[in-house]
Structure formats: structure tokens, C-alpha cells
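Report on the following structure.
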Amino acid sequence: MSILVQRWNELADVKDELAGRDWFFGTSGNLSIRVSHDPTTFLVTASGKDKRKRTSEDFLLVDANGNPAEETILRPSAETLLHVKVYGKTNAGCSLHVHTIDNNLISELYGDKGEVTFKGQEIIKALGIWEEDAEVSVPIIQNHAHIPTLAETFDEHIQGDQGAVLIRNHGITVWGRNAFEAKKVLEAYEFLFSYHVKLLTLKNQLQIS
Ligand SMILES: CSCCC(=O)C(=O)COP(=O)(O)O
Ligand SMILES: [Zn+2]
């Protein structure tokens, strides 16, 4: 099986799993997986599709600038430039972007601070941080309808082959060394967001500070 087909199947499997979690509301979200280094090519989701469906037109191959690398009628994700930034700056192998209620709530609650920090949670180990009382912070950037502007702001927060950035009232983009790692990072952060939102809600209902 060619590398392209292997990567296609890997990304299709990740897409199915995230769809199973109902993380693709209203065609939102986009996913990509690196196919080659030097030159950089990656598969990215076609724009505007229902990502809960598995079809032969789900992904297209693009170059380092996010332009189709082969003749196609498909349009790359409107947010391909963010994936371009990840592959251009790191050795990451996969980048995932989803809009969930919890990541939107956290981005709005902590947006003015520019980041959100979590500590004292066992799931932080899924991010590869094993110290006692570890803390983890996620930067929160402003949303921009102009994707080149959004991508430039996003770019400032890309450090290393694994990471995450929240886009205020929009969603989260994570990346990792491969599809397994990127999905693990995404699931760990969504766990932290969901836990935090529920805890704040309960504390408010019970009037606990
Ligand atoms: C339908 S949500 C607005 C666009 C967006 O934020 C998104 O994640 C999906 O866009 P795409 O072009 O990748 O389908
Ligand atoms: Zn989006």
C-alpha cells in the first residue's frame, strides 16, 4: 500500500472517531496528515463537507503552501493555512481542528486572559507531562474571518512538534508527531475543558467558591 493510501486511511479513521464523538457540528472542523517532508505535502479535508460521512472525496493532497498538489475539483479546507503553518514550522505529522461547545466556552471564559491553565488532573499525563502537580496552559487567540490574519496570529504560538491553540469562540487546533499523538492531545484537552466547565457550573449551582 502506498504511503498516500496509508495516510488517507489513517486520517479517515481519525475522522470517523471524532465524528463518533459528534465533534463536527454543522460541517465545522478540518483535519490533516503529513504525507511527505521535503517537499512538504499533506492530505487535508475538503472544504464544507459533512465530516461525519466517509467518502472518496473527503481529502485532497496539497503542497507546502496549501495549494492542491494534483488536479482536483475539490477545494481544500478554508483553514488550510493554519495546517500549512504547523507543517512549515514543526515536524508534526498530523493537525486536527474541531469546534466543540466546551472548547468554545473555555475560549470565551478565559479569552481576555489570553490563555487557560489546568493543574492537578491525571489526564495531563496524556500530554506527555508526568511531573507531580504539573500545569498546562493553552494560548487563546482572537478569531479573524480573514484566514491569513488568523494564521499569522496562530503561527506565534506554534512551538514544537506537539501543541494546541484555542481560537476564541471558534475552536481548537492541535498537532502531534502522528495521528495517534494528535488525537490523544485533542482528547486530553477536551477532557480538561469539559471537566472545567462542569465543575464551574456545579460550583455556581451549589454556591461554592
Ligand atoms: C462551518 S464552520 C466555519 C468554517 C470553519 O471554521 C471550519 O472549521 C470548517 O471549514 P472547512 O472549510 O474546513 O470545511
Ligand atoms: Zn474552524
Side-chain angles (χ1 to χ4, degrees), residues 7-8 10-35 40-70 72-88 92 94-108 110-111 116 138-158 163-176 179 182-183 185-187 189-190 193-194:
R7 295 290 176 261
W8 180 293
E10 250 181 284
L11 195 58
D13 288 345
V14 170
K15 189 166 77 63
D16 283 353
E17 282 194 51
L18 303 187
R21 297 183 183 282
D22 206 10
W23 283 353
F24 295 128
F25 297 92
T27 74
S28 64
N30 36 77
L31 317 176
S32 70
I33 193 162
R34 189 193 284 275
V35 175
T40 292
T41 61
F42 61 95
L43 286 166
V44 66
T45 41
S47 185
K49 299 263 182 193
D50 182 350
K51 279 105 193 171
R52 287 171 288 213
K53 305 252 160 46
R54 189 164 176 141
T55 78
S56 60
E57 296 192 327
D58 287 341
F59 312 117
L60 65 154
L61 190 69
V62 297
D63 64 18
N65 298 314
N67 297 316
E70 299 168 336
T72 179
I73 54 160
L74 300 173
R75 272 183 310 119
S77 164
E79 291 163 357
T80 298
L81 263 188
L82 278 72
H83 300 262
V84 162
K85 296 291 185 189
V86 168
Y87 298 121
C94 182
S95 172
L96 308 172
H97 167 74
V98 296
H99 304 193
T100 67
I101 311 278
D102 290 326
N103 70 37
N104 273 247
L105 285 169
I106 291 290
S107 77
E108 177 60 14
Y110 295 93
V116 58
V138 187
I140 305 170
I141 63 172
Q142 288 306 305
N143 194 22
H144 295 278
H146 184 248
I147 301 301
T149 304
L150 179 63
E152 282 310 314
T153 315
F154 172 76
D155 184 68
E156 292 166 24
H157 299 279
I158 303 175
V165 174
L166 273 165
I167 308 167
R168 191 167 181 169
N169 279 326
H170 177 162
I172 190 170
T173 295
V174 307
W175 60 96
K183 186 167 70 74
V185 169
L186 179 59
E187 288 173 344
Y189 279 121
E190 289 294 333
F193 299 155
S194 182

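Just so you know, ligand 1 is whichever comes first in the structure, and atom 1 is the first atom listed for that ligand.
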If you count the atoms of ligand 1 from 1 in the order shown, which ones are under 4.0 Å from a heavy atom of Ala78?
11 (P), 12 (O), 13 (O)
Say whether Thr27 and ligand 1 are in contact under the criterion: heavy-atom distance to a ligand atom below 4.0 Å.
yes
Checking side-chain contact (heavy atoms from CB on, under 4.5 Å) for the pair Thr40/Val84: CA distance, chi angles, key distance, verdict?
CA-CA 9 Å; Thr40 292; Val84 162; over 6 Å; no
Of all N, O or S atoms in His170, identify the one at the shortest distance from the Zn ion (ligand 2).
NE2
Positive for salt bridge (charged side-chain N to carboxylate O under 4.0 Å, His left out) with Glu57, one of Arg75, Lys51, Lys49:
Lys49
Residue among His144, His99, Gln142 satisfying side chain to side chain donor-acceptor pair (under 3.5 Å) with His170
His99
Under 4.0 Å from a heavy atom of His97: give me the atoms of ligand 1 that qualify, with their elements.
8 (O)
Using distance alone, determine whether Ser28 and ligand 1 share an N or O pair under 3.5 Å.
no
With under 30° as parallel and over 60° as perpendicular, where do the rings of Phe59 and Trp8 fit, or are they tilted in between?
perpendicular
Geometric N/O contact Ser77 with ligand 1, under 3.5 angstrom:
yes
Go through Val98 and Val174 one step at a time and tell me if the side-chain contact (heavy atoms from CB on, under 4.5 Å) criterion holds.
CA-CA 9 Å; Val98 296; Val174 307; over 6 Å; no
Identify the protein heavy atom lying closest to atom 6 (O) of ligand 1, giving its residue, its atom name and the separation to 0.1 Å.
Glu79 OE2, 2.7 Å
for atom 3 (C) of ligand 1, nearest protein heavy atom and its distance come out as His99 CE1, 4.4 Å
Within a radius of less than 6.0 Å around CZ of Arg54, do more than 12 heavy atoms belonging to other residues, nucleotides or ligands occur?
yes
Check the orientation of Tyr189 and Phe193. Use parallel for under 30°, tilted for 30 to 60°, and perpendicular for over 60°.
parallel
Under-4.0 Å salt bridge between Glu17 and Arg21:
no
At a 4.0 Å threshold, what atoms of ligand 1 neighbour a non-hydrogen atom of Asn30?
7 (C), 8 (O), 9 (C), 10 (O), 13 (O)
How many degrees, to 10°, between His97 NE2 and His99 NE2 as seen from the Zn ion (ligand 2)?
90°
For ligand 1, find out whether one of its N or O atoms is nearer than 3.5 Å to an N or O atom of Gly26.
no
Are any of the N/O atoms on Ser47, whether in the backbone or the side chain, positioned under 3.5 angstrom from an N/O atom of ligand 1?
yes
Answer with side chain, backbone, both or neither: which part of Lys51 has a heavy atom less than 4.0 angstrom from an atom of ligand 1?
side chain
Starting from the Zn ion (ligand 2), look over the N/O/S atoms of Glu79 and name the nearest one.
OE1
Audit row: Trp23, Asn103, side-chain contact (heavy atoms from CB on, under 4.5 Å) steps and yes/no:
CA-CA 11 Å; Trp23 283 353; Asn103 70 37; over 6 Å; no
Over all atoms of both residues, closest heavy-atom pair of Phe24 and Gly29:
CD2-CA, 4.3 Å
Ignoring angles and geometry beyond distance, decide whether Gly48 reaches within less than 3.5 Å of ligand 1 through its nitrogen or oxygen atoms.
yes
